[in-house]
S.K.: 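Take a look at this one; I'll ask things after.
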Amino acid sequence: MANGESKPKLTIGWLYARQMSTYGDRGNILTIWKRARWRGISVSVREIDFKEKVDPTRFDLYFFGGGQDQAQKKVSDDLIKYKKEDLKKAARLGSVFFAICGGYQLLGQYYRPFAQPELPGIGLLDVVTVASNQRMIGNIVIETNSMLPKIGGNLMVGFENHSGKTYLGKKANPLGKVLVGSGNNGEDRAEGAFQGNVFGCYLHGPVLPKNPFFADFLIRKALARHYGEVGLDHIDDNLELTAHDAAIERAKTSI
Ligand code: GLN
């Protein structure tokens, strides 16, 4: 970190790493790990599996990737039985959550698969999701919510693939406005959601390599739990931003 402190530490809890990591979402863990290591931050990543309890004081950041409906049923049952209360306590203690697609849906109140009973989520986000007969697939570009700090660029780019339609309640803020693609539900032009330190979205890709400013935003927020407001040393993001801009151009030509 810029202030030359002794080697800071970042601890990451990876929820259901094997079952919930569709469309390369594990690349988000690699991105956070690498961008922190490039700054001399020591990083530990621990997979959190079924039937494991969670120590709410242990992790600075939780990552929760996407997964298909059948995986989500098993995960929902496990969340409610083993993890819900401790994960909610972790959020109150300042841990950062970042969830994609199926993981995002299960951070909400519930996900209702097609013609099946609702799968309860842990309620960290005031959102509900219902499966639809419309598959929302393709490149997606959003303009990030101005409530978020000006984090480098204000466009994020990714790839979406979901049938679930997510609707935000009063306590949730959209992560951004859809410029290209469907977003949460293909109706209200909102994409993703955040409340406090909890962030969810439908951007696969993985999303972080091509949106380095958002990766750094999450790292800074996660470090703040132990170190308060920190700066991150500058790194050359020329390659990442070239990929970011190319993906935006490709998305624009896809409409
Ligand atoms: N099963 C959920 C849906 O289709 C989530 C899929 C995913 O995580 N890509 O909406």
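Indexing begins at 1, ligand by ligand and atom by atom, following the structure's order.
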S.K.: Can an N or O of Gly67 be found at a distance shorter than 3.5 Å from an N or O of ligand 1?
M.R.: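 Yes, since at least one N or O of Gly67 sits under 3.5 Å from an N or O of ligand 1.
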S.K.: Taking 4.0 Å as the limit for heavy-atom contacts, which would you say applies to Ile100 with ligand 1: side chain only, backbone only, both, or neither?
M.R.: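 Contact part for Ile100 vs ligand 1: neither.
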S.K.: Has Arg18 got more than 12 heavy atoms of other residues, nucleotides or ligands less than 6.0 Å from its CZ?
M.R.: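 Counting neighbours around CZ of Arg18, 12 or fewer heavy atoms of other residues, nucleotides or ligands fall under 6.0 Å, so no.
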S.K.: Flag Tyr202 as yes when one of its N or O atoms lies below 3.5 Å from any N or O atom of ligand 1, and as no otherwise.
M.R.: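 N/O-N/O distance under 3.5 Å: no.
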S.K.: Which atoms from ligand 1 have a heavy atom of Gly66 less than 4.0 Å away?
M.R.: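 This gives 8 (O) as the contact atoms.
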S.K.: Distance from Thr22 atom OG1 to Ile100 atom CD1, nearest 0.5 Å?
M.R.: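 Output value for this atom pair is 9.0 Å.
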S.K.: With only distance considered, is Tyr23 within less than 3.5 Å of ligand 1 through an N or O on each side?
M.R.: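 Not met; the criterion fails.
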S.K.: Assess the side chains of Asn211 and His244: does a donor N or O sit below 3.5 Å from an acceptor N or O?
M.R.: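 Looking only at side-chain atoms, His244 and Asn211 do form a donor-acceptor pair, the distance falling under 3.5 Å.
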S.K.: Checking a contact table here: which protein heavy atom is nearest atom 3 (C) of ligand 1, and how many Å away?
M.R.: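 Checked against all protein heavy atoms, atom 3 (C) of ligand 1 sits closest to Ser163 N, 3.5 Å.
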S.K.: Do any nitrogen or oxygen atoms of Asp69 come within less than 3.5 Å of a nitrogen or oxygen of ligand 1?
M.R.: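 Right, the criterion is met.
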S.K.: Verify whether one side chain among Asp60 and Thr11 offers a donor that lies under 3.5 Å from an acceptor in the other.
M.R.: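 A donor-acceptor contact under 3.5 Å links the two side chains.
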S.K.: Take Phe199 and Phe63, measure what ring-ring contact (aromatic ring centres under 6.0 Å, His included) needs, and give me the verdict at the end.
M.R.: CA-CA 10 Å; Phe199 298 84; Phe63 178 70; over 10 Å; no
S.K.: Between Lys170 and Asp126 (salt bridge meaning N to carboxylate O under 4.0 Å), is one present in this structure?
M.R.: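 No, Lys170 and Asp126 are not salt-bridged.
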S.K.: Just which atoms of ligand 1 are under 4.0 Å from any heavy atom in Arg135?
M.R.: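 So the atoms of ligand 1 that pass are 4 (O).
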S.K.: Check each atom of ligand 1 against the heavy atoms of Gln72 and keep those under 4.0 Å away; list them by number with element.
M.R.: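 Those of ligand 1 that fall under 4.0 Å from Gln72 are 1 (N), 2 (C), 5 (C).
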S.K.: Does any N or O of ligand 1 fall below 3.5 Å from an N or O anywhere on Gln105, backbone included?
M.R.: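 Looking only at distances, the answer is yes, because the N/O contact criterion of under 3.5 Å is met.
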S.K.: For ligand 1, find out whether one of its N or O atoms is nearer than 3.5 Å to an N or O atom of Gly164.
M.R.: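 Such a contact does occur with ligand 1.
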S.K.: Does a donor on one side chain and an acceptor on the other come within less than 3.5 Å for Asn185 and Tyr167?
M.R.: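 No, because no side-chain N or O of Asn185 sits under 3.5 Å from a partner of the opposite role on Tyr167.
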S.K.: Below 4.0 angstrom from a heavy atom of His204, which ligand 1 atoms are there? Numbered from 1 as shown, please.
M.R.: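 Reading through ligand 1 atom by atom, the close ones are 9 (N).
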S.K.: What protein heavy atom lies closest to atom 7 (C) of ligand 1? Include the residue and the distance to one decimal.
M.R.: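 Minimum-distance protein heavy atom for atom 7 (C) of ligand 1 reads Cys101 SG, 2.9 Å.
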S.K.: Quick check: does Gly102 get an N/O under 3.5 Å from an N/O on ligand 1?
M.R.: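 So ligand 1 has an N or O lying under 3.5 Å from an N or O of Gly102.
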S.K.: Has the side chain of Ser76 got a donor or acceptor atom that lies under 3.5 Å from a matching backbone atom of Gln72?
M.R.: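 No; zero donor-acceptor contacts below 3.5 Å.
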S.K.: Report the C-alpha separation of Tyr104 and Tyr202 in whole Å, then their side-chain angles, then the decisive distance to 0.1 Å, and conclude whether the ring-ring contact (aromatic ring centres under 6.0 Å, His included) test is met.
M.R.: CA-CA 8 Å; Tyr104 165 35; Tyr202 277 111; 5.1 Å; yes
